[in-house]
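Labels below follow one simple rule: chain letters A, B, ... track the order of the sequence lines, proteins then strands, and each chain is numbered from 1. For clarity, every value in this text was computed on a predicted model and none was experimentally measured.
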Amino acid sequence: MRIRLGFVANALGLWDASPSKTMTYKRYTELPKNERMDRLKEVTALNLNHTKRILYYLAAHEIEVYRMSSSLVPLATHPYVKWDFLKPFKKEWQELGELIRQFNIRASFHPNQFTLFTSDREHVTENAVEDMKYHYQMLEAMGIEKDSVINIHIGGTYGDKETTVERFHKNIKKLPAEIKDIMTLENDDKTYNVEETLAVCKKEDIPMVLDIHHHEANLTTEKIEEYIPDIFDTWKRRNMVPKVHISSPKTDKAFRSHSDFVDLHFISEFVQVLRKFDVDVDFMIEAKSKDFAMFDLIEGLSSIRGVKRIRGGTLEL
DNA sequence: ACCTGTCAAGTCTGG
DNA sequence: CCAGACTTGACAGGT
């Protein structure tokens, strides 16, 4: 079995390469009208260029798993701004897509916590659809929508999980079919645990992203290995290697917070579990130290007996 | 050069 | 109904 590792958004090994430069609505309104659009485009051009630099960095390190920043385009879906971020950057989007293909990178998006389909307020669902569209359009512009996922959480519980899950199934119908086709759902550290998330995924035929840190923070009564075959089966429709989110607790007290680096022992236990299933997986490292945390974990895992590093970002077990 | 308050959006808890 | 927590990085303005 093979494990590929990757990281989220920013590469700390590169100087000044944030792909998430922003302009808030407040700042936008403070600019003279004739400068506003120029500034939006400037920020976007910079984020796209930084993403390009990161893709080359990934290639140089043979890293094939990467989550792109959701903040590539500032105010892309703001109701009073909403601007065309596709046409002015047609060439740039295409170039990113070509590099992603050329370097065999598995790219994904993970919209923010306000993108959810459980709310009983209609505008929340409308905003969620808008935000999902924004992410989908970026993937389309890069020509990689068929090979990518947009991952979100189920959402809040509103004091009644059962009713709320039903509302999720109702609200998700508002999402255009082609976008729903490429979405995934991740188990949550506070609300929907592995068992509950898996049930929703099965019902909607949506692949499930397993987050092992969230799982430890929000345990189901059963052991994780009992769920793994079903979780991994949800990826078969898309013929994709299952994706697992990796992080470890900051402290015992702040258990849910992400530690800067990933604790090797926290993960190696899980890797031993995976070994029994002998299946390829991709690890998305979610830690404050980003690529450094990923490199650290790659080296840590490589030192385990029976684990061999066969490429910069790939381990064979 | 460093520090601090602010920012479109979400829910949850407590008052 | 509202404030603060949760949590996030980036940024502008102040010292």
Peer 1: Students often get this wrong, so: under 4.0 angstrom with heavy atoms, is A:T157 touching a base, only sugar-phosphate, or nothing?
Peer 2: sugar-phosphate

Peer 1: Look at the side chain of A:N47 and the backbone N and O of A:K21, then say whether any donor-acceptor pair between them is shorter than 3.5 Å.
Peer 2: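 The answer is yes, because a donor-acceptor pair under 3.5 Å joins these two groups.
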
Peer 1: Please measure how far the C1' atom in B:dC7 lies from the corresponding atom in C:dT7, and state the result in whole Å.
Peer 2: 13 Å

Peer 1: Between A:D189 and A:S20, which residue's closest nucleotide on DNA chain C lies nearer the 5′ terminus?
Peer 2: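 Between the two, 5'-proximity favours A:D189.
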
Peer 1: Rounded to whole angstrom units, what separation is found between the NE2 atom of A:H110 and the C1' atom of B:dA9?
Peer 2: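 Distance check: A:H110 NE2 to B:dA9 C1' gives 16 Å.
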
Peer 1: Restricting to non-hydrogen atoms, name the atom on A:D280 and the atom on A:V241 that form the minimum distance, rounded to 0.1 Å.
Peer 2: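 Minimum heavy-atom separation between A:D280 and A:V241: O-CG1, 3.3 Å.
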
Peer 1: Counting a pair only when it is Watson-Crick or G-U and both distances are under 3.5 Å, which runs of at least 3 such pairs involve DNA chain B?
Peer 2: B:1-7 with C:9-15, B:10-15 with C:1-6

Peer 1: Do the side chain of A:N187 and the main chain of A:D211 share a donor and acceptor less than 3.5 angstrom apart?
Peer 2: yes

Peer 1: I need the CG-C1' distance between A:N112 and C:dT7, as an integer number of Å.
Peer 2: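 Spelled out: CG on A:N112 to C1' on C:dT7 is 10 Å.
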
Peer 1: To the nearest angstrom, how far is A:H50 atom NE2 from C:dG9 atom C1'?
Peer 2: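 Checked: the NE2 to C1' distance equals 15 Å.
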
Peer 1: It should be established whether A:K21 places a side-chain nitrogen or oxygen under 4.0 Å from OP1 or OP2 of nucleotide C:dG9.
Peer 2: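 No.
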
Peer 1: What's the CG-P distance between A:L75 and B:dC7, to the nearest Å?
Peer 2: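 Whole-Å distance recorded here is 14 Å.
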
Peer 1: Mind checking A:S18 for me? I need base, sugar-phosphate or nothing, with any heavy atom below 4.0 Å counting as a touch.
Peer 2: sugar-phosphate

Peer 1: Do A:F292 and A:F261 have their ring centres less than 6.0 Å from each other?
Peer 2: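 Ring centres of A:F261 and A:F292 not closer than 6.0 Å.
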
Peer 1: Under a 4.0 Å heavy-atom cut-off, which of residues 119-141 of chain A touch DNA chain C?
Peer 2: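 Residues of residues 119-141 of chain A under 4.0 Å from DNA chain C: none.
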
Peer 1: For B:dG5 versus C:dG4, give the span between their C1' atoms, rounded off to a whole number of Å.
Peer 2: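 Going atom to atom, C1' in each nucleotide, I get 16 Å.
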
Peer 1: Can you tell me the distance, in whole Å, between the NE2 atom of A:H153 and the C1' atom of C:dC6?
Peer 2: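 Computing the A:H153:NE2 to C:dC6:C1' distance gives 13 Å.
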
Peer 1: Testing the basics here: between A:H110 and A:E286, what is the closest heavy-atom pair and its distance to 0.1 Å?
Peer 2: CD2-OE2, 4.4 Å

Peer 1: Just by distance, with hydrogens left out, do A:S71 and A:S20 show a side-chain donor and acceptor under 3.5 Å apart?
Peer 2: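 Per modelled atom types, A:S71 and A:S20 side chains form no pair under 3.5 Å.
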
Peer 1: Please check if the distance between the ring centroids of A:Y136 and A:F109 is under 6.0 Å.
Peer 2: no

Peer 1: Within this structure, what is the CZ-to-P distance between A:F117 and B:dG10, rounded to whole angstrom?
Peer 2: 14 Å

Peer 1: Will you find, in the side chains of A:N151 and A:T184, an N or O donor that is under 3.5 Å from an N or O acceptor?
Peer 2: yes

Peer 1: Less than 3.5 Å apart, any donor N or O on the side chain of A:H214 or A:D188 sitting next to an acceptor on the other?
Peer 2: no

Peer 1: Specify the separation, in whole Å, of atom CD of A:Q113 and atom C1' of B:dG10.
Peer 2: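 In whole Å, B:dG10 C1' and A:Q113 CD are 5 Å from each other.
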
Peer 1: Is the distance between the ring centroids of A:F277 and A:F232 under 6.0 Å?
Peer 2: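 No.
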
Peer 1: Does A:K161 make a cation-pi contact with A:Y192 (under 6.0 Å, within 45 degrees of the axis)?
Peer 2: yes

Peer 1: May I ask you to check if A:R275 and A:F270 form a cation-pi contact, with NZ or CZ under 6.0 angstrom from the six-membered ring centre and within 45° of the axis?
Peer 2: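 Not satisfied by the 6.0 Å and 45° rule.
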
Peer 1: In whole angstrom, what separates A:Y158's OH from B:dT13's P?
Peer 2: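 Going from A:Y158 (OH) to B:dT13 (P), I get 12 Å.
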
Peer 1: Do any of residues 24-47 of chain A sit with a heavy atom less than 4.0 Å from DNA chain C, and if so which?
Peer 2: A:R27

